[in-house]
Number of protein chains: 2
Amino acid sequence: MEEILREFKRFIKKKGLKYTQEREEILKEILSIKDHFDVEELYFRFKEKNSKISKASIYRTLSLLVEGGYIQEVYRQDGHSHYEVTLHKTPHLHFICIHCREVQEITDERLNGLIKEYEEEREYKLLTYHLEIFGLCKACRRLKL
Amino acid sequence: MEEILREFKRFIKKKGLKYTQEREEILKEILSIKDHFDVEELYFRFKEKNSKISKASIYRTLSLLVEGGYIQEVYRQDGHSHYEVTLHKTPHLHFICIHCREVQEITDERLNGLIKEYEEEREYKLLTYHLEIFGLCKACRRLKL
DNA sequence: ATTAAAATTGAAAATCAATTTCAATTAGAG
DNA sequence: CTCTAATTGAAATTGATTTTCAATTTTAAT
Ligand SMILES: [Mn+2]
Ligand SMILES: [Mn+2]
Ligand SMILES: [Zn+2]
Ligand SMILES: [Zn+2]
């Protein structure tokens, strides 16, 4: 945690930006979230603790955090983006149930291997990937939906 | 083409909806597009041929076509959705260059195999998947960006 | 072919996530 | 501490998508 904040300060400074309380507060809050999150969720958490962080700052900081690789936009649901902390986390895919909207994570090294292979074959410089599988989860499937 | 239209009519009827000129016209136009497309592109094509199809109808028909499996939303760029015809097309992934925004398709049966495997393991009912890889294409990479 | 009910349409308004504007505030170099 | 440029929150704006609604069209039943 402390180390991540220090790293983030370095990242911000290197870009010639200012390391503000708001930016640190937002990153701290995000690091405390275990699940996926969206802007509303974050904003709600700040309101709860009487922090007056604005949505504008949340959006602005989220962009920086994505750019720095601290978080990733992982999927879109209900017309808006959902994020997750990606530090120390293996890339993984998301299975999204279109009925109950549950999101399950699946990590598979073979998939990462395939993607690395495409990268080399085509001489890409890979930054990130998103794999979303849509369908019905085991439970919803049983409801014969 | 004729067969697809007939099939679409059956689909529409089965849902208790009406097979309108607009719905047929939209599907016909989409079937004539080889690339990925978005709502603007479609709307522009109709304006060009003096067809007065509205955006509202385009959006409404696109939903039906996705539901019927005729097209898929394949990626999002510049804040809006991009689609492609998926009939008779193997699922495939998209490599998106974040610099020149070029989109390349990669089809790999091994990937489809992996996904089928997850489906069976977890007892999902798979409907569709989206795999997007973000990075720099060969050309943009050379510019040392 | 007529008729009538229900679905669909286009245009305009509404919604809503995300971005931008701008005056007031803050970070941080000197 | 002082000064300047960057940042902030609030409000306005943008832009994609959805909704509303009166007029039109489809289609099943006469
Ligand atoms: Mn995840
Ligand atoms: Mn494609
Ligand atoms: Zn489910
Ligand atoms: Zn490129």
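Note on naming: letters A, B, ... go to the chains in the order of the sequence lines (proteins, then strands), and numbering restarts at 1 for each one.
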Bend across the helix from C/dA1-D/dT30 to C/dG30-D/dC1, to 10°, with axes taken over 5 pairs at each end? 30°

Is the phosphate of C/dA18, meaning OP1 or OP2, less than 4.0 Å from a side-chain N or O of A/Ser81? yes

Sort me out a list of protein N/O and nucleotides 20-24 of chain C N/O pairs below 3.5 Å, or just none if empty.
unit_1: C/dT21; atom_1: O4; unit_2: A/Arg60; atom_2: NH1; d: 3.4

May I have the step-by-step check of side-chain hydrogen bond (donor to acceptor under 3.5 Å, both in side chains) for B/Glu22 and B/Ser57, ending in yes or no? CA-CA 7 Å; B/Glu22 288 82 358; B/Ser57 289; over 6 Å; no

Identify the pairs formed between an N or O of the protein and an N or O of nucleotides 25-27 of chain C at a distance under 3.5 Å, and give each distance.
unit_1: C/dA27; atom_1: N3; unit_2: A/Lys18; atom_2: NZ; d: 3.0

Looking only at the side chains, is there a donor atom on one of A/Glu25 and A/Ser51 sitting less than 3.5 Å from an acceptor on the other? yes

Please report, rounded to the nearest Å, how far the C1' atom of C/dA17 is from the CD1 atom of A/Ile58. 13 Å

Is A/Ile33 linked to A/Ile58 within one hydrophobic cluster, defined over Ile, Leu, Val, Met, Phe, Trp and Tyr using a side-chain heavy-atom separation of less than 4.5 Å? yes

Let's see if you get this right: which residues in residues 24-53 of chain A place a heavy atom under 4.0 Å from DNA chain D? A/Lys52, A/Ile53

Is the shortest heavy-atom distance from the side chain of A/Glu119 to the side chain of B/Ile133 under 4.5 Å? no

Atom-pair distance (CZ on B/Arg23; C1' on C/dT9), nearest Å: 10 Å

Side-chain heavy atoms of A/Arg110 within contact of B/Glu117, under 4.5 Å: yes

By nearest nucleotide on DNA chain D, pick out whichever of B/Asp78 and A/Leu17 is the more 5' one. A/Leu17

Of all heavy-atom pairs between B/Glu73 and B/Tyr83, which one has the smallest distance, and what is that distance? CA-CD2, 3.7 Å

Check B/Gln104 against A/Tyr124 and note the closest heavy-atom contact, atom names and distance. OE1-OH, 2.6 Å

Whole angstrom value for the distance that separates P of C/dT19 from CG of A/Leu64: 12 Å

Results of side-chain contact (heavy atoms from CB on, under 4.5 Å) for B/Leu17 - residues two or more places apart only: B/Ile12, B/Lys15, B/Arg23, B/Leu64

What closest approach, in Å, do B/Tyr129 and B/His92 show between heavy atoms, and which atom pair accounts for it? OH-N, 4.0 Å

Contact under 4.0 Å: A/Tyr59 side-chain N or O vs C/dT19 OP1/OP2: no

Is atom CD of B/Gln21 surrounded by more than 12 heavy atoms (other residues, nucleotides or ligands) closer than 6.0 Å? no

Salt bridge check, A/Lys55 against A/Glu40: does any charged N sit closer than 4.0 Å to a carboxylate O? yes

Rounded interatomic separation in angstrom, taking CD from A/Glu73 and C1' from C/dA18: 11 Å

Shortest non-hydrogen contact from A/Phe8 to A/Tyr19? CD2-CE1, 3.6 Å

Beyond-backbone contact of A/Ile53 with A/Thr61, side-chain heavy atoms, under 4.5 angstrom: no

Pairwise salt bridge (Lys or Arg N to Asp or Glu O under 4.0 Å) hits with a residue in residues 88-98 of chain B, at least two apart: B/Glu84-B/Lys89, B/Lys89-B/Glu105

Which sits closer to the 5' end of DNA chain D, B/Arg76 or A/Ser54, going by the nucleotide each is nearest to? A/Ser54

Take atom NZ of B/Lys15 and atom C1' of C/dA7, then tell me their distance rounded to the nearest Å. 13 Å

Rounded distance in Å - NZ (B/Lys9) to P (D/dT27): 6 Å

